[in-house]
**Student:** 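Would you mind keeping the following structure in view while I ask a few things?
Residue numbers start from 1 in every chain, and the chains themselves are labelled A, B, ... in the order their sequence lines are given, proteins ahead of strands.
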Amino acid sequence: MGSDVEFSNVKGTRDILPEDALVWRRIEEVIRKKMREYNYQELQMPTFEYTELFRKSTGKDTDVFQKEMYTFKDKGGRSLALKPEGTPSVVRMYLQHGMKSRGVFQKFYYIERMFRQEKPQKGRLREFRSFGAEAIGSKSALTDAELIKSALDIMDELGIKGIEVKINSIGCQKCRKEFMKEFKKFLQQKLDSLCEDCQRRFTTNPMRIMDCKVDKRKLIDAPVPLDYLCDDCRRHFSELEKHLDYLEIDYKVDTFLARGLDYYTRTVFEFIHSELGAQDAVGGGGRYDGLIKFLGGKDAPASGYAMGMDRMLLLMPKVKEYREIDIYIVTLDVKSDIIGWELLYKLRENGFSADKDCLGRSPKAQFREADRQNATWTIIIGGEERKKGVVQLKRMKTGKQKEVPLDIEAIKREIKC
RNA sequence: GUGAAUGUAGCUCAAUCGGUAAGAGCGCUGGACUGUGGCUCCAGAGGUUGGGGGUUCAAUUCCCCUCAUUCACCCCA
């Protein structure tokens, strides 16, 4: 790096240069377009919340809350946290603004930046972008299926191929209790053979042991939540499968799929892609029927997901995004320069993207600039044109140029045909 | 937080066993073409070799520390 670089971006953050910004804009446009088709409404949330919100909803025993959050005290001594995920804020907004009165069933989406203090690696940043969709008020498996479908639609439209959908059900509070009893019993026998992390999790968050990669083989005959589902949960899960089949979505039931956040109930799902390396989940989500009541609202079922946009970017086919402007004005002397500036602003008022040299560069340099900017047209003004009250209008692709009166309407006419 | 690999120009990469002026391509600026871009040719600018310390007559090269990046663990988006 050059020695004139005194500062660099903070670890785990990403600078987005103009060429990258074009791709990001496209991703956002596709999300907005699809979410409109699915009738989800946009929500924009604050960058930080009271730490307590995440302690309660994300869960105090989760890694996200314990190890990864950026928390700080403000001058009033309040403990605040940069949001590590979107769902808690969505639910908070839903409750705080009495959004229930807008209807029993509502669908939202957001495109936001999230923050987690982890060691960066492929597909894992400290500031990352995610979009998410949340549907509040429906306990139907139809809603879960629609959510999954919407995410797949978006990725499809962005040209992302090879997404694998994994689903599972971890039951409701009631049947999960049953499962946990048996699961713990099973683990108790093998406790000594489990990895260090799992031994710790055994007391803090036993559910997480289910997708431990180290000891997968040891769990091969472990009880799974699916076998302990109550009748309602079982019916719900088979309905989900039915709806997914109907939508022709390819999925795999992964009986060990568990998610790292506390609020999930019943349906959980993940979108996996093998090219992502260790962070192979492009996104994931599930049902969180208990969360709204838990946060002080009236009992309401809900379901949602979050997608890692940075990971989506990694999976998108690399296409060059070209920038181009309509018109670049080239002037050949000082007097023409003044006419050029006047014309430039007229062109812009008329909706053209247009630019002009302001460094007093040579004609050759101005043309080179026009070329670099991918200008469709150049307008050339010099002494001769000035005398005749005309400009030269040159089509860069063909190199052909034509004399046109110095008049915005005349220029517009010429450009249109 | 733990581990491994890698740090040379804006970018991608060279530089023999440690050897004295650190190179190339792309990009950038200018010229050949004094009023016309792309292609070609020519020239120029741009580096405390990530930073600090050590070994040595001599360090881009070897050693230590540090920082950063990448990948993996972990965790998840």
**Student:** Can you list, by residue number, the residues of residues 282-291 of chain A that have a non-hydrogen atom closer than 4.0 angstrom to RNA chain B?
**Tutor:**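 RNA chain B contact set from residues 282-291 of chain A: A/Val282, A/Gly283, A/Gly284.
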**Student:** Provide the full list of salt bridge (charged side-chain N to carboxylate O under 4.0 Å, His left out) pairs with a residue in residues 133-144 of chain A, sequence neighbours left out, each pair given once.
**Tutor:**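 Counting only pairs at least two positions apart or across chains, the salt bridge (charged side-chain N to carboxylate O under 4.0 Å, His left out) contacts touching residues 133-144 of chain A are A/Asp144-A/Arg287.
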**Student:** For A/Glu164, which residues count as a salt bridge (Lys or Arg N to Asp or Glu O under 4.0 Å) partner, sequence neighbours excluded?
**Tutor:**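 A/Lys252.
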**Student:** On the side chain of A/Arg116, is there an atom forming a donor-acceptor pair with the base of B/A77 - under 3.5 Å, no angle test?
**Tutor:**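 Looking at the base of B/A77, it does pair with a donor or acceptor on the side chain of A/Arg116 (distance under 3.5 Å).
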**Student:** When you compare B/U69 with B/U12, how far apart are their P atoms, in angstrom units rounded to a whole number?
**Tutor:**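 Each nucleotide's P atom is 15 Å from the other's.
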**Student:** Test of understanding: with salt bridge (Lys or Arg N to Asp or Glu O under 4.0 Å), list the residues that count as partners of A/Lys185, not counting sequence neighbours.
**Tutor:**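 Salt bridge (Lys or Arg N to Asp or Glu O under 4.0 Å) check on A/Lys185 returns A/Glu182.
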**Student:** Can you pull out every salt bridge (charged side-chain N to carboxylate O under 4.0 Å, His left out) where at least one residue sits in residues 326-336 of chain A? Sequence neighbours excluded, please.
**Tutor:**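 Residue pairs passing salt bridge (charged side-chain N to carboxylate O under 4.0 Å, His left out), neighbours aside: A/Asp333-A/Arg386.
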**Student:** Can you give the dot-bracket line for RNA chain B, where a pair is Watson-Crick or G-U wobble with both atom distances under 3.5 Å, crossing pairs use [ ], and | marks a partner on another strand?
**Tutor:** (((((((..((((.....[...)))).(((((.......))))).....(((((..]....))))))))))))....
**Student:** Tell me, for nucleotides 36-43 of chain B in 5' to 3' order, what letter each nucleotide earns: B for a base near a protein heavy atom under 4.0 Å, S for only sugar-phosphate near one, - for neither?
**Tutor:** BBB-----
**Student:** Applying salt bridge (Lys or Arg N to Asp or Glu O under 4.0 Å), name anything that partners A/Glu342, two or more places apart in sequence or on another chain.
**Tutor:**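 Salt bridge (Lys or Arg N to Asp or Glu O under 4.0 Å) check on A/Glu342 returns nothing, list empty.
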**Student:** Not counting sequence neighbours, list each pair that qualifies as a salt bridge (charged side-chain N to carboxylate O under 4.0 Å, His left out) and has a residue in residues 363-372 of chain A.
**Tutor:**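 Non-adjacent pairs meeting salt bridge (charged side-chain N to carboxylate O under 4.0 Å, His left out): A/Arg361-A/Glu369, A/Glu369-A/Arg372.
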**Student:** For A/Glu403, what residues pass the salt bridge (Lys or Arg N to Asp or Glu O under 4.0 Å) criterion, not counting sequence neighbours?
**Tutor:**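 Here the qualifying residues are A/Lys388.
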**Student:** Can you check the distance between B/C17 and B/G54, where both ends of the measurement are the P atom (answer in whole Å)?
**Tutor:**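 Going atom to atom, P in each nucleotide, I get 27 Å.
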**Student:** State which residues pass side chain to side chain donor-acceptor pair (under 3.5 Å) with A/Arg126; sequence neighbours excluded, sorted by chain then number.
**Tutor:**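 Not a single residue meets the side chain to side chain donor-acceptor pair (under 3.5 Å) criterion with A/Arg126.
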**Student:** Do the side chains of A/Met155 and A/Leu315 get nearer than 4.5 Å, heavy atoms only?
**Tutor:**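 No; the side chains remain at least 4.5 Å from each other.
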**Student:** I want to verify the glycosidic state of B/C17; is it syn or anti under the 90° rule?
**Tutor:**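 The base of B/C17 is oriented syn (glycosidic angle within 90° of 0).
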**Student:** Listed by chain and number, what are the side chain to side chain donor-acceptor pair (under 3.5 Å) partners of A/Glu28, not counting sequence neighbours?
**Tutor:**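 Here the qualifying residues are A/Arg32.
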